[in-house]
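Notes follow once the structure below has been shown.
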Number of protein chains: 2
Amino acid sequence: MNLRALETLVQILTVPSFSAVAQIRNMTLSAVSMQMKALEAELGVELFDRQSRPPRLTPLGRQVALQSRGILEARDTVTTLCQRGEKLVGQFLIGFIQTASVRILPGFLEAARREAAGASFQFSAGLSETLSDFVAEGRLDAAVVTQVDPMPAHLCVQRLATEEMVMALPATHADADQVQLEAQLPFIRFRPSTGIGRLISASLSQVSAQPQQIILDSIEGTLECVKRGLGYTVLPRPDVERYCDAQMVIRTVSDLYPSRDLVLVTRNDRQSDGWRDALFSLMVTQE
Amino acid sequence: MNLRALETLVQILTVPSFSAVAQIRNMTLSAVSMQMKALEAELGVELFDRQSRPPRLTPLGRQVALQSRGILEARDTVTTLCQRGEKLVGQFLIGFIQTASVRILPGFLEAARREAAGASFQFSAGLSETLSDFVAEGRLDAAVVTQVDPMPAHLCVQRLATEEMVMALPATHADADQVQLEAQLPFIRFRPSTGIGRLISASLSQVSAQPQQIILDSIEGTLECVKRGLGYTVLPRPDVERYCDAQMVIRTVSDLYPSRDLVLVTRNDRQSDGWRDALFSLMVTQE
DNA sequence: TCATCAAATACAATCCATCTGAAGTTGTGA
DNA sequence: TCACAACTTCAGATGGATTGTATTTGATGA
């Protein structure tokens, strides 16, 4: 099916005769006639009643013309999509690690709707290493992850936020020092396979051998255990504060545990150069 | 813009490489490459990142591909529209005289939705002569009118319903005979320019010279006047009965006034032969 | 009913876009 | 660094679309 023929057909809705359409479209009457004949042949139906001299659209022909108008409009949305001057145009596949999808994603979506109407986004969740690899392979356009070493090659890394690691412990143990704590309560560890968990594991090995450990894979679940006095844990401050209440106290432990960076990773190629900074600015503005 | 190229682009959403698409679509890799290059040139954008070896869709390219899928779906609705075996497919332009649009149209629409899903309808209102002329000229596909003489040539006329003409008079004059009535009340005449009005005018000239007349162009308004004792009138029975209540009585006057026929008029050509009977049956089934 | 005219169709020649096949280039993975 | 697979480029072939001209057909008016 030829779009030029559909354009002709659609014009015939508003113009009385083939010859008039031919003039408007800068073609010969002959060409118009043949376009319509070919269209009829392809669809296997009569679009025109040729008993009458300016051939008349049949009801079916009229319907086809109206539908064709829809096809052409759909095409025009594509061309205008491509003519936008904006940087962020297209469908972006973006990965988020769990905590970032809570902290960064909502504000990002809001900013994107405001400032990047031509763009759409599809998100997927995963671990920092996986997402970084996906970006490197081209299966994702970008990802928000915690900085990991070593980063896959040819990736561009931009820091979005720094999250301080804090200790969350039951209010009943608010006064215990580190040694007492370790003796009295088990350490509840966030699943070590994730970025956070790894970071903590690395730190822990320098601190002390933990006699008792509970391993959980949910931040909310971890903190719920803390509130009930089942143990203590170490997590990024924003996550802890979100669930904090009177049953729990927060202790700053920046000397024991390093902070972590949330970063935006993109491929370091010419394509990404076109939109990397625009994407980055949509993610930081919502701070 | 070439629909075949769009098909190729859409396939690339689900298939990893140009060469795979080429195999699936029975073309050479070369042709795929050139189609995509031509598409990029036409849109003036980069749909693919050719830094990497199976060329990767850029976010914009992905968006264009997704939108293109919409274009192709729109095209498919057109082709399936044309493949329906039904008789009534397309957009029909149909004229209705005022009273028919109340009596016939609702039931017709209901039947059409049930039995002619591939058809859409656009209605216009007007006088019987005008609508009949429009059908003859091809500005309408069909019309429901009162039978008028002479009918324009080459029209096919099918009777839908017969409406008896009855007299409506105020309940206060229920016992008056025709002579008393004429002496006591003015005759309220429905606008003579319409089909009904004409019919009545023609009859009246045979009956008697009316000393007093009120002319109105609304059936409901006419009957409201009758209810209030301002005069009497003659109208089709269904219209009178719709508004009848205790303040008004109906008198059969078939000896004085002829009945009228509601008819479906269509052009008498090969095109209309295809759907005339189907349309007709949708209009009578709702009786 | 016929003559006339405008409009559409038919057809051959031509044009143009697209496809193929072969040769050349370029990422990728060993 | 090499080999290979994948893509691009190019020239030539192909086929669909357009044009110009001749012919047909429906509309109009005498």
Side-chain angles (χ1 to χ4, degrees), chain A residues 1-9 11-12 15-43 46-58 61 133 136-139 152-155 267-272, chain B residues 1-9 11-12 15-43 46-58 61 133-139 152-155 267-272:
Chain A
M1 193 179 297
N2 188 347
L3 286 181
R4 278 180 54 76
L6 295 189
E7 285 174 351
T8 305
L9 179 63
Q11 288 248 16
I12 290 179
V15 155
S17 68
F18 283 18
S19 51
V21 170
Q23 281 196 325
I24 292 174
R25 312 203 75 222
N26 290 321
M27 350 169 25
T28 58
L29 171 59
S30 178
V32 173
S33 175
M34 291 181 99
Q35 273 188 341
M36 295 304 100
K37 203 170 68 130
L39 206 53
E40 287 180 313
E42 182 177 357
L43 293 172
E46 293 191 339
L47 302 176
F48 293 92
D49 173 8
R50 291 192 167 74
Q51 311 270 81
S52 98
R53 194 28 80 124
R56 228 199 319 266
L57 279 169
T58 61
D133 286 343
E137 291 170 23
R139 293 170 58 177
H154 311 300
L155 284 187
R267 271 186 307 286
N268 198 0
D269 59 21
R270 215 182 74 253
Q271 284 300 327
S272 308
Chain B
M1 191 180 296
N2 189 344
L3 287 180
R4 277 180 54 76
L6 296 189
E7 285 173 351
T8 305
L9 178 63
Q11 288 248 17
I12 291 177
V15 156
S17 68
F18 283 16
S19 51
V21 171
Q23 283 196 325
I24 293 174
R25 310 204 76 223
N26 289 321
M27 348 168 27
T28 58
L29 172 58
S30 173
V32 173
S33 174
M34 291 177 98
Q35 274 187 341
M36 295 303 101
K37 203 169 70 130
L39 207 52
E40 286 180 312
E42 182 178 355
L43 294 172
E46 294 190 339
L47 301 175
F48 294 92
D49 174 7
R50 291 193 168 74
Q51 310 270 83
S52 99
R53 191 35 77 138
R56 229 198 319 264
L57 279 169
T58 61
D133 286 344
F134 280 6
V135 172
E137 290 169 25
R139 293 169 59 177
H154 310 300
L155 284 188
R267 269 185 309 286
N268 198 0
D269 59 22
R270 213 183 75 253
Q271 284 299 326
S272 308

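Nothing here was measured: the structure is a model prediction, and the numbers come from that model.
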Would you kindly give the CD-to-P distance between B/E7 and C/dC19, to the nearest whole Å? 11 Å
What is the minimum heavy-atom distance between B/R267 and B/V135, and which atoms define it? NH1-O, 2.7 Å
Minimum-distance nucleotide to B/L29 side chain [options: C/dA8, D/dA6, D/dT18]: D/dA6
So does A/Q35 get a side-chain nitrogen or oxygen closer than 4.0 Å to the phosphate oxygens (OP1/OP2) of D/dT18? yes
Take the protein atom CG of B/N26 and the nucleotide atom P of C/dG21, then report the distance between them rounded to whole Å. 12 Å
Test: A/R50 and A/E40 ion pair at under 4.0 Å: yes
Establish, from distance only, whether the side-chain atoms of A/D49 and A/S52 form a donor-acceptor pair under 3.5 Å. no
If you compare all heavy atoms of B/S17 against all heavy atoms of B/P54, which two are closest, and at what distance to 0.1 Å? CB-CB, 4.3 Å
Between atom CZ in B/F48 and atom C1' in C/dG27, what is the gap in whole Å? 17 Å
For the pair made of CD in B/Q51 and P in D/dT8, what is the distance, rounded to whole Å? 12 Å
Check: B/S30 side chain, D/dT9 base, donor-acceptor under 3.5 Å: yes
Nearest-angstrom distance from the residue atom CZ of A/R4 to C1' of C/dT18: 16 Å
Starting at CZ of A/F18 and ending at P of C/dA10, how long is that distance when rounded to a whole Å? 11 Å
Of all the choices, C/dT20, D/dT8, C/dT9, which nucleotide is nearest to the side chain of B/M27 once you look at every atom? C/dT20
Report the end-to-end axis angle of the helix from C/dT1-D/dA30 to C/dA30-D/dT1; each axis comes from five terminal pairs, and the value is rounded to 10°. 40°
Give, for atom CG of B/L47 and atom NZ of B/K37, the distance between the pair rounded to the nearest 0.5 Å. 13.5 Å
Please figure out whether B/S52 or A/T28 has its closest DNA chain D nucleotide nearer the 5' end. B/S52
Using whole Å, report how far NE2 of B/H154 lies from C1' of D/dT28. 13 Å
Check side-chain contact (heavy atoms from CB on, under 4.5 Å) between A/Q23 and all other residues, then give those that pass, not counting sequence neighbours. none
Does a donor on one side chain sit under 3.5 Å from an acceptor on the other, for A/Q271 and B/E46? yes
Rounded to the Å, how far apart are A/R53 CZ and D/dT23 C1'? 11 Å
Considering heavy-atom distances to DNA chain D, does A/N2 or A/P54 have its closest nucleotide positioned more toward the 5' end? A/N2
N or O in side chain of A/K37 less than 4.0 angstrom from C/dA8 OP1/OP2: no
State whether A/S19 places a side-chain N or O below 4.0 Å from either non-bridging phosphate oxygen (OP1 or OP2) of C/dA8. yes
